[in-house]
Amino acid sequence: MSIDFSAFIAGQPVTGNGPAQPVINPATEETLAAIPEAGVDLVDRAAQAARIAFEDGRWHGKSVEERQAMLRRIADVIDAASDELSAIETANTGIPLSQAKARHIARAGHNFRFFADYIGQAAGRIYDQAPDHMTLVRRQPVGVAGLIAPWNAPVALGAMKIAGAIAFGNSCIIKPSEQAPLGVHKLVELIHRAGLPEGVVNLVSGRGAVTGDALVRHPEVDLVSFTGGTTTGRAIMSAAGQMLKPSTMELGGKSANIIFDSADFDQAVDGALLGIFTNNGQQCLAGSRILVQRSIADRFITAFLERVARLRIGSPLDAGTELGPVASSAHRDRILSYADTARREGMQILAGGRAHSGFDKGFYLEPTVALTDDPGATVCREEIFGPFATILLFDTPDDAFRIANATRFGLVSYVWTQDIYLALRAQEELQSGVVWINTPMMRELRAPFGGWKESGVGAEGGLDCEAFYTRQKTITLARHPLALRRMGTA
Ligand code: NDP
């Protein structure tokens, strides 16, 4: 089956008649597909299909064991198609194939297995303190979930949303980014190959302002889960809020990576490189502000720059590639404009800051490192979302926490120290939803992943997804025949 359909509705690929959206390979600039946009009509068909599939109970009416078995089957099918899915994801995003396979596609399968395990253990509550009554609190699926995923990790993040939504019995409609939809198209096809009932997972592809907006506002869509930029999140949350739809927002970041002089130095250098250059620098959780204690600054900067100079930049298909192209020409230009801004604001560019001259085609950048004393500089405030690190120096832990928290974002923080009391203090002081101490990017699916401040509202993770994708119902029973007050007997 070709994957350039516009929508996948009730188990069938559908071609729309909206304007064609070109899908470009960022490494070769070759056009991979031109997908006619799914317009309002297809969003409506997808929403109706999801509603029917929900109402007739073809999925949430199954036993937990049957749902677990299906989720595990989906994971197996994803794993079996790992080579194909990784190749599609790499062609469409420029993410090095080694990272696409080991991180993104492996994670996609893992998401389904995680939720299969989770639902087998989920439990309700009973309040039986009242002598005459017993009260139960249970959860039921909400209905139809609208899922909107970004282009930087389409399959991994899309799979998290689909798995979370359907594990608890909902139907869903996913909208990938129009820039990088192909991996999610393939994922939805694989989910059906595993045998999921038709209409439980549907897909619509197109621009955010058209297809995404229609999805968020559709009256049959009961809740919205969004991962993307803060500005878009604000618009989507407002639209959903108008209709009183619950929504979760996983948004941008400008995370601090704090390196104290008590750190294991080599690990901190490794962690700082991974934190900013993994995924071609396009990660919400990137450690893009590297805060270094002044006493080790010279040594750290020298070591960091040496390693940056040796990063293997190249085709994402080459096994050794560590840094591939960024996602689009527009995104490349946006990142470069931040290098210009940094120069204009008098910052020192220690490395990079230009398009990479070694490639005839592709949106390659030199990995960029800038140094400043001003935490208020533009590149310290705004999310750049590329291979662009900013180094800031600090003297005391108080300085470090103040600089780290001086941002409108609050997604994650990284801390490197071998001083246990300093580590404990850091996790207390840092204003972010996640704090990683002496480890980069450890995603524990049982725990919430969500941002503070403008990095998000709500979180994804076991309990948090259960809370979001289900609604509570309180049932109170009389424990024995009650002597009710008798009205109308006077
Ligand atoms: P965008 O906010 O531009 O887009 C995200 C998704 O929303 C895309 O599918 C987009 O469609 C869609 N969209 C855009 N406008 C609307 C609208 N009005 N209504 C409905 N849907 C809409 O983000 P990017 O794709 O550029 O992704 C990068 C951002 O995502 C970064 O800021 C990053 O930090 C954040 N992110 C956050 C994560 C987290 O967990 N907190 C994880 C990963 C990324 P289209 O692209 O087709 O226009």
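As the structure lists them, so they are numbered: ligands from 1, and atoms in each ligand from 1.
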Quick one: sort the F114 and H110 rings into parallel, tilted or perpendicular, breaks at 30° and 60°. tilted
Does the plane of the ring in H192 sit parallel, tilted or perpendicular to the ring in F8? Use 30° and 60° as the thresholds. tilted
Taking ring-ring contact (aromatic ring centres under 6.0 Å, His included) as the definition, give me every residue that meets it alongside F394, ordered by chain and number, with sequence neighbours left out. F260
Residues in ring-ring contact (aromatic ring centres under 6.0 Å, His included) contact with Y118, at least two apart in sequence or another chain: F168
Strictly under 4.0 angstrom, heavy-atom based: which residues surround ligand 1? I148, A149, P150, W151, N152, L157, K175, P176, S177, E178, G206, R207, G208, G212, D213, F226, T227, G228, G229, T232, I236, E250, L251, G252, C284, E383, F385, L411, F449
side-chain hydrogen bond (donor to acceptor under 3.5 Å, both in side chains) evaluation trace for E29 with N25: CA-CA 5 Å; E29 301 183 38; N25 180 330; over 6 Å; no
Please collect all ring-ring contact (aromatic ring centres under 6.0 Å, His included) contacts where either partner lies in residues 424-452, sequence neighbours excluded, each pair once. Y414-W436
